[in-house]
Amino acid sequence: MGCVMPDLGYDVPVAVQELLERSHRLGSDPTITNYAGGNASVKSTVVDPASGHDVDVMWVKGSGGDLGTLKFTGLAALRLDALRALKNVYRGPQFEDEMVSAFDYCLFGKGGAAPSIDTAMHGLLDSAHVDHLHPDSGIALATAADSEALTRTIFGDRVAWTPWRRPGFQLGLDIAAIRDAHPEAVGVILGGHGITAWGDTSDECEENALFIIRTAERYIAEHGRPEPLGPKVARFARLADAQRRSKAIALFPVLRGMASTDRPQVGHFFDTDTVLGFLESERHAEVASRGSSCPDHFLRTKVRPMILDLASDASVPEMIERLGQLHEEYRVAYRAYYDRFATEQSPAMRGADPAIVLVPGVGMFSFGKDAQTARVAGEFFINAINVMTGAEAISTYAPIEESEKFRIEYWQLEEEKLQRMPAAKPLAGRVALVTGGGSGIGAATARRLAGEGAHVVVADLDEQSAAAMAAELGSRDVARGVAIDVSSKAAVQDALDEAVLAFGGVDILINNAGLSISKSLLETSEQDWDLQHDVMAKGSFLAAQAAVKVMRDQQMGGDIVYIVSKNAVFAGPNNVAYGSAKADQAHQVRLLAAELGELGIRVNGVNPDGVVRGSKIFAGGWGAQRAAVYGVKEEDLGAYYAGRTLLKREVLPESIADAVFALLGGDLALTTGAHIPVDSGVAAAFLR
C-alpha cells in the first residue's frame with residue numbers, strides 16, 4: 001500500500017503512483033499522444049472509510065487533463081461496482097450524454113477530477129491497467145481505407161480492430177466485448193481514432209501499448225511508399241531561412257486579423273522540417289483538405305486547414321490578396337458545414353475562421369484563444385501531418401465522415417466543458433510590448449498586464465533584465481524578453497519582428513523606455529540633450545511607428561500608452577533636456593490620437609512623478625542629482641516627493657501600472673488623447 005492521503009481517509013495503492021509514472025512517460029512523447037490527449041487508468045482494491053469493507057476502485061485521468069503532467073488531483077476515482085451497474089440503465093448510443101452525468105454517482109471519496117467521456121472504456125474493460133492513446137502510427141493505421149485488413153496483416157490475433165464509433169459508453173461496451181472475445185489480444189485499433197491497450201500490471205500495459213505503436217511504425221517504414229504524397233514540387237519549395245522569416249513576419253499580422261474576425265486570437269508559427277516537407281509535396285493540399293480524423297486533433301485544428309495555393313516565391317502582396325479571398329471562401333464553407341449538420345439542439349457556431357493556415361515555402365500559422373492553445377493546435381496538426389503521410393504510405397488516408405466530425409465538434413458535452421472554463425481575463429487574447437520593461441515602471445507594468453491575461457514582450461536595452469522579467473512572468477507562451485535600443489530604427493524593428501513571430505502581432509505598445517540627466521541649461525551638453533531626446537522623443541516615435549504598421553495590418557485596433565511625466569507640464573529647475581523630451585512625448589500622444597483613431601487605435605499617456613523605488617533612472621544618478629537640487633538625502637527622496645503632494649503618499653511603480661491597466665481594461669474604451677496624472681497630487685502639474 002502507498003502513503004495515506006490525509007484529505008482522503010484511505011490508503012492510496014502503489015499502483016496509482018505507477019499509473020502516474022506511466023502516464024508521464026507516455027505523455028512526454030508527442031508521437032504517442034499530444035497535450036491533453038489520451039487517458040490511462042488503474043483498478044485496485046481499497047478499504048472504504050465509510051464501511052470498513054474492501055471496495056474496487058478505478059483511478060482514471062479526468063476530463064481535460066494532460067498525461068505528461070498528470071497529478072493525483074487530476075485523476076477521477078470511481079467505484080467499479082457502481083460504474084459497471086450503469087449497464088442496467090444505459091438506453092443506447094442516442095443517449096450517450098446522460099451517461100457522463102451518471103458517472104458522478106459512481107465517484108469514490110473526496111476531490112478528484114471530473115470523469116471524462118472515455119471513463120466507460122476503462123471501467124468496463126476487465127483489465128487492471130488500460131491505456132487509450134493517439135499515436136501517429138496508430139492513427140495512421142486507424143485512418144487507412146483498409147484499416148481492418150491491415151490490422152490483421154500487421155498484428156494477426158494480437159491486436160483486434162473496431163470500426164469508428166464516437167467516444168462514449170457504447171464504445172466502452174464494444175471494447176469490453178472485444179477483450180472478452182479475443183483473450184489473446186493485447187489491444188485494439190479504434191477505426192478513425194487511435195489505440196487502446198491493456199495489461200495486468202502497469203509495465204505490461206505500457207509494453208503492450210508500445211508494442212502496438214512501434215510495430216505500426218516499423219510496418220509503415222518498411223512497407224510504405226517512399227513519396228506517399230507525391231514528389232516535391234519546385235513551386236512549393238521551402239524558402240531560404242532569411243526570406244522565409246521575412247515573409248512570415250509580413251504575413252502573420254494579416255493572418256492573425258483574419259483568424260480574429262469572430263473573436264481575438266493569438267498565433268504561433270511553425271517552420272519545422274515536418275511542416276515544410278509536407279508543404280513541398282505535390283499532393284499536400286489534396287490530402288490536407290480531407291481534414292483531421294482523431295477527435296483530439298480536429299477539436300483543436302478545426303475540420304480542415306486553410307491552404308494558400310500560390311507558389312512559395314509569390315510576392316507578399318499577391319499572397320495577402322489571395323489569402324483574403326481564401327479566408328472569405330473558408331468562412332462560407334464553414335458556415336455551410338455548420339448548417340449542413342446542425343440541429344435545433346446544437347450549440348451556436350463558435351466561429352468560422354481557420355485555426356490552421358498553411359503557406360507553402362513559409363510554414364504553418366496556428367491560432368487559438370491564447371498562445372498555448374495556438375501552439376498546441378499547431379502541434380496537433382503536425383501529428384495530423386504524420387498521420388496523413390503514414391496512412392497514404394500504406395493505403396489511402398480516409399478520415400471519419402464530416403457528419404461525425406460535427407457531432408464531436410458540436411457535442412453538447414464539449415460545449416458544457418467549454419462553459420465550465422473560467423471567464424477570460426480583461427486582456428486575454430492581447431499582445432503587449434513594453435519598452436524599458438526590465439525594471440521599475442516597465443517591470444511593474446509588464447507584471448500587471450500579464451496578470452490581466454495579456455501576452456507580454458518585455459523589451460529592454462539590458463537584454464538580461466528583459467529575459468529575467470519575461471521568465472518571472474511565466475513560460476514562453478506567456479512572455480518573451482527581447483533586446484531593444486529605442487533610439488535605433490533597426491533595433492526597434494527587430495523587437496517588433498520578434499513580437500510578431502512570438503505571438504502573431506502586437507495590440508498594445510507601452511512607450512516606457514527612458515533616462516534622465518539633471519543639469520542646468522548651461523551645464524547641459526549637446527550630447528546630454530541628444531541622448532534624452534533620442535531615447536524618449538525619438539524612441540517613442542520609432543516604437544509607435546513600427547507598432548502601428550503591425551496594428552494596421554491586423555485591423556484589430558490597438559492601444560499605445562506613453563509613460564510621460566509630470567515634468568511634461570511642470571517646469572522644474574535643472575531639467576531642460578528631460579522636461580523638453582517629456583513634453584515632446586506628451587504632444588505625440590495628442591497628435592497620434594488624432595491621426596490613428598480611424599484605425600481604432602487609442603493613444604493615451606500617464607504622467608508619473610517621483611517614482612523612486614525600483615527605478616533604474618533614479619539609481620543611475622538621477623536620484624542623487626535631484627536630491628542635491630532639493631537639498632535632501634538621496635534615501636529620503638521618495639518621502640520628499642510624497643511630502644510635497646496633496647495626498648502625501650509616495651508614488652510606486654505599481655501605481656503607474658494600475659493607471660496603464662485602467663486605460664486598457666475596457667472601462668475607458670472611448671478615451672483617447674488623454675493624460676492621467678499619477679503624482680499623488682502636484683497642483684502645479686494639473687492639466688488645464
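Aromatic ring orientation, Y330 versus Y334: parallel (interplanar angle below 30°, classes split at 30° and 60°).
The heavy-atom pair separating V457 from A499 by the smallest distance is CG2-CB, 3.7 Å.
The side chain to side chain contact (heavy atoms under 4.5 Å, CB included) test with I656 is passed by exactly one of V561, I676, V606, I510: V606.
Atom CG of D667 has 12 or fewer heavy atoms from other residues, nucleotides or ligands within 6.0 Å. Taking a 6.0 Å sphere around CD of E321, one finds it holds 12 or fewer heavy atoms contributed by other residues, nucleotides or ligands.
Taken from CG in L592 to OG in S540, the straight-line distance is 9.5 Å, to the nearest 0.5 Å. The distance from atom CG of L449 to atom NE2 of H455, rounded to the nearest 0.5 Å, is 12.5 Å. Here the straight-line distance linking atom OG of S518 with atom CD of E523 works out to 9.0 Å at 0.5 Å rounding. Atom CG of residue D462 and atom CD1 of residue I484 lie 13.5 Å apart, to the nearest 0.5 angstrom. Considering CE of M536 and OH of Y562, their distance stands at 13.0 Å, rounded to 0.5 Å.
Sequence neighbours left out, not one pair with a member in residues 575-600 passes salt bridge (charged side-chain N to carboxylate O under 4.0 Å, His left out). The salt bridge (charged side-chain N to carboxylate O under 4.0 Å, His left out) pairs that include a residue from residues 536-557 number zero, where partners must be two or more places apart or lie in different chains. Among residue pairs with one or both ends in residues 361-371, those qualifying as side-chain hydrogen bond (donor to acceptor under 3.5 Å, both in side chains) are D370-T373; sequence neighbours excluded. For residues 235-261, the set of pairs meeting the salt bridge (charged side-chain N to carboxylate O under 4.0 Å, His left out) definition, not counting sequence neighbours, comprises R238-D273, R238-E280, D241-R244, R244-D271, R245-E498, R256-D507.
In this structure the side chain of V359 never reaches within 4.5 angstrom of the side chain of L279, judged on heavy atoms. Using a 4.5 Å cut-off on side-chain heavy atoms (C-beta onward), L310 and R322 make contact. A heavy-atom distance below 4.5 Å is found between the side chains of V589 and H675. When side chains are defined from C-beta on, F367 counts as touching L255, because their heavy atoms get closer than 4.5 Å. V500 places a side-chain heavy atom less than 4.5 Å from the side chain of P253. Between K566 and V569 there is no side-chain heavy-atom pair separated by less than 4.5 Å. Using a 4.5 Å heavy-atom cutoff, the side chains of R331 and T261 are in contact.
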- Message: The test is side-chain hydrogen bond (donor to acceptor under 3.5 Å, both in side chains); show your working for Q493 and D497 and say whether it passes.
- Response: CA-CA 6 Å; Q493 189 60 57; D497 289 349; 2.9 Å; yes
- Take N575 and N567 through the test side-chain hydrogen bond (donor to acceptor under 3.5 Å, both in side chains) and record every step on the way to the result. CA-CA 8 Å; N575 205 19; N567 289 291; 3.0 Å; yes
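The side-chain hydrogen bond (donor to acceptor under 3.5 Å, both in side chains) search around Q372 returns none, not counting sequence neighbours. Scored by the side-chain hydrogen bond (donor to acceptor under 3.5 Å, both in side chains) test, N511 finds no partners at all (sequence neighbours excluded). Under the side-chain hydrogen bond (donor to acceptor under 3.5 Å, both in side chains) criterion, S487 pairs with D485, sequence neighbours left out. Considering only residues two or more places apart in sequence or on other chains, F661 meets the ring-ring contact (aromatic ring centres under 6.0 Å, His included) condition with none of them. The side-chain hydrogen bond (donor to acceptor under 3.5 Å, both in side chains) search around R602 returns D559, not counting sequence neighbours. For H533, the ring-ring contact (aromatic ring centres under 6.0 Å, His included) partners are W529, not counting sequence neighbours. The ring-ring contact (aromatic ring centres under 6.0 Å, His included) search around F236 returns H284, not counting sequence neighbours.
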Tell me which donor-acceptor pairs under 3.5 Å the side chains of residues 381-388 have, and how far apart each pair is, sequence neighbours excluded?
unit_1, atom_1, unit_2, atom_2, d
N383, OD1, N34, ND2, 2.4
N383, ND2, P30, O, 2.8
N383, ND2, D136, OD1, 2.6
N383, ND2, D136, OD2, 3.4
N386, ND2, D136, OD2, 2.8
N386, ND2, I382, O, 3.4

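In summary, the side chains of E379 and Y35 do not present any donor paired with an acceptor at a separation below 3.5 Å, with no hydrogens or angles considered. A donor-acceptor pair shorter than 3.5 Å cannot be found between the side chains of Q243 and S246.
A donor-acceptor pair is defined here as one N or O able to donate and one able to accept, closer than 3.5 Å; no such pair exists between the side chain of E282 and the backbone of L229. Checked by atom type and distance alone, the side chain of D460 never pairs as donor or acceptor with a backbone atom of S465 at under 3.5 Å.
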